Amino acid sequence: MKKWRKKLTSYLVVSSFLVAVVGCGAQETPQSSTQPAAQPVATESKSIQERKFKLGVGLKEDHPEGLGAKKFKEIVEKNTGGKFQVDLFFNNQLGDDKQTADNLRAGVQELGVISTSPLASIVKEFGIFDFPFVFNSEKEADAVLDGPVGKALLDKLPANGLIGLGYWENGFRNLTNSKKPVATLEDFSGLKVRTMPNPVHLDVFKALGTNPTPMPFSELFTAMESKTIDGQENPLATIESNAFNEVQSYLSLTKHVYTPFIFMASPKFWDQLSDDEKKIIQDAVIEAGKYERELNREQNKKSLENLKTKGMTVTEISNGEVAKIQSAVKPVIDKYSKELGEELVKQMFEEVEKAKGQQ
């Protein structure tokens, strides 16, 4: 190959050189008429190995998160010609969000999708997504997640034993309970509400006057059914998918927090992949993520109507009460802005304002 730059005077040398290049998989060099057309494909396939791996998600198969996982599997298996086999595990079969993160860090699970709130115990900066009333729309959330702030947070994961491949959507969280309609700041008082094990989340609900009670999602339905707790907060699609309406009478459209999902990989698994394999998975995460976000937004609209039909009392929160709630939780935001990084928080709010101006 060192003779590449020398003038080639022999037809035999030219032919030999072209065959060698095509055999190496070069795409810009025309194939020799004697070179089998399948050769570049066969060579390219060597960078894609037969692999079987697990993807765990927290919610049910028919939830947008579960359907997004199915879409990811479809894309990956198609784009590897069936060489990759993705085994899907729904409804916390491989463990809750915390266990999934631990599994990925230990290398006993290859891929997982978890909420950002539990992740804040590993990378504290993810706690900014538990700040209440940051986003007014999904477009504002998209601007932050898909922009510099979202990337900066993903870049913190490798040093903590995780690989972040992209953001999916859990969505805007709303309060349910079995005791009373919640329409004002005062109505929160005294309610025993299940929260995620995250200091920002806990302090927000303390500031609202509730008794926040962290517990795994898998234990939530039973705890509400037995009246161990009064209520919980989750996106509408999650509330319907898990039939919380069977043990909760009241739904308040608080939209107090927007929670993303993060699609993550184990470094042990990721480091084994070729560049081509990584690209196939990364591209599938983004494509399936767009599908999941759109599906989730449509499903939340449908879920609201379905929950009304199923007998839940739905309460809107007035703008005046939202302002009172925001005032009550402002000290929590001020406190954690200092702990999580004032520059990061400032950048997040700037991205939100920029997105508002583009709507």
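Since this is a predicted model, take the numbers as computed values, not measurements.
With respect to E61 and K70, a salt bridge is recorded, a charged nitrogen being found less than 4.0 Å from a carboxylate O.
Identified under the salt bridge (Lys or Arg N to Asp or Glu O under 4.0 Å) test for residues 259-274, with sequence neighbours left out: none. Pairs engaging residues 85-97 under the salt bridge (Lys or Arg N to Asp or Glu O under 4.0 Å) rule: K52-D87 [sequence neighbours left out].
Taking every heavy atom of both residues into account, M348 and F131 meet most closely at CE-CD2, 4.1 Å.
Residues meeting the side-chain hydrogen bond (donor to acceptor under 3.5 Å, both in side chains) test with S115, sequence neighbours left out: N170. For D102, the salt bridge (Lys or Arg N to Asp or Glu O under 4.0 Å) partners two or more places apart in sequence, or in a different chain, are K98. With sequence neighbours left out, the salt bridge (Lys or Arg N to Asp or Glu O under 4.0 Å) criterion links K255 to no other residue. By the salt bridge (Lys or Arg N to Asp or Glu O under 4.0 Å) test, K301 pairs with E298, sequence neighbours left out.
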Given R51 and E277, is the salt bridge (charged side-chain N to carboxylate O under 4.0 Å, His left out) satisfied, shown in steps? CA-CA 10 Å; R51 297 187 188 276; E277 290 172 326; 3.0 Å; yes
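For the side chain to side chain contact (heavy atoms under 4.5 Å, CB included) criterion with L162, the lone passing option out of I114, L154, L104 is L104. Tested against V149, the residues V352, L344, V345 include a single side chain to side chain contact (heavy atoms under 4.5 Å, CB included) partner, L344.
The aromatic rings of F269 and F53 sit tilted, their planes meeting at an angle between 30° and 60°. Using cut-offs of 30° and 60° on the angle between ring planes, the pair F172 and Y258 is perpendicular. Aromatic ring orientation, H256 versus F205: perpendicular (interplanar angle above 60°, classes split at 30° and 60°).
No more than 12 heavy atoms of other residues, nucleotides or ligands shown are found within 6.0 angstrom of NZ on K290.
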